[in-house]
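The next block holds one structure in the form of structure tokens; read it before the comments.
Hydrogens, waters and symmetry mates are skipped; everything else that's a heavy atom, side chains included, is used.
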Amino acid sequence: MSSETERNEPDHVASFGSALGLADADAPAADPNASFRTRLAAAVGVDGRRGPRDFSAPPPQRILAGVSVWAFVLALGGVVVGVAALVRIIAGAPGWFEPVIILTGIVGMGFTVAGFATVRRALIPWAVLGAGTLTLIIGAIMTASA
């Protein structure tokens, strides 16, 4: 009855690996005499992840919601600056203003789209949306001074 391979848990209690859908063959072999740190490193990996990052999984919902709200605010600001720039162009703005404000708007939209495209990365979407905000501020300053 006391075999070295026998587990000390009842039959109705599932192991942690089987609860996650892992076969017993997939579970890492743990030496019961090893230290906790050694067993943890063998189970999880040295860098804290088990294998390469999976980018096919959806991003966390709170990050996606934050990027969406920031992009929405940028879109509303872009519409306001765009309408004000159109009024300036119709009223007779300098010749340099029209191509520069169009280019500024395209760059700002590119930054906003890049924020969504990089949402699975750690800090890149926030940096890209910050650059989009800076572009919107530059466009507002140009429109007000034209």
Side-chain angles (χ1 to χ4, degrees), residues 7-146:
R7 296 186 181 192
N8 292 332
E9 56 190 29
D11 291 334
H12 67 277
V13 176
S15 67
F16 183 70
S18 64
L20 293 176
L22 298 174
D24 286 335
D26 292 341
D31 180 18
N33 296 327
S35 69
F36 176 73
R37 178 174 279 196
T38 306
R39 288 182 288 154
L40 183 65
V44 177
V46 179
D47 62 348
R49 292 193 311 245
R50 190 179 185 97
R53 292 181 69 181
D54 182 22
F55 287 110
S56 64
Q61 296 299 312
R62 61 184 173 84
I63 294 175
L64 189 59
V67 168
S68 299
V69 167
W70 194 343
F72 178 71
V73 170
L74 285 177
L76 287 179
V79 167
V80 169
V81 171
V83 168
L86 179 64
V87 169
R88 293 280 184 176
I89 290 170
I90 292 173
W96 61 268
F97 179 71
E98 185 175 356
V100 171
I101 199 68
I102 290 172
L103 182 65
T104 304
I106 291 172
V107 168
M109 285 189 292
F111 280 136
T112 305
V113 169
F116 280 105
T118 60
V119 75
R120 288 188 176 96
R121 304 290 181 181
L123 296 175
I124 296 174
W126 309 115
V128 171
L129 288 173
T133 304
L134 183 64
T135 306
L136 180 65
I137 292 169
I138 290 170
I141 291 170
M142 283 192 313
T143 302
S145 65

With no hydrogens and no angle check, is any side-chain donor or acceptor of Arg88 less than 3.5 Å from a backbone partner on Ala93? no
For the atom pair OG1 (Thr104) and CD1 (Ile141), what is the distance rounded to the nearest 0.5 Å? 11.0 Å
Hey, does Leu76 have a side-chain heavy atom less than 4.5 Å from the side chain of Val80? no
Taking atom CD1 of Ile89 and atom CD1 of Ile102, what is their separation to the nearest 0.5 Å? 6.0 Å
Taking atom CD1 of Ile63 and atom CZ of Arg121, what is their separation to the nearest 0.5 Å? 13.0 Å
Where is the tightest heavy-atom contact between Phe97 and Ala146, given as atom of each residue plus distance? CD1-CB, 3.6 Å
Separation of Met142 CE from Ile137 CD1 (nearest 0.5 Å): 12.5 Å
Trp70 vs Thr133, side-chain hydrogen bond (donor to acceptor under 3.5 Å, both in side chains): CA-CA, chis, key distance, verdict: CA-CA 9 Å; Trp70 194 343; Thr133 304; 2.9 Å; yes
For Gly115 and Pro125, which heavy atoms make the closest approach, and how far apart are they? O-CB, 3.5 Å
What's the separation between atom CG in Leu129 and atom CG in Leu136, rounded to the nearest 0.5 Å? 12.0 Å
Heavy-atom side-chain proximity of Leu74 to Phe111 below 4.5 angstrom: no
Phe116 and Val128, any side-chain heavy atoms less than 4.5 Å apart: no
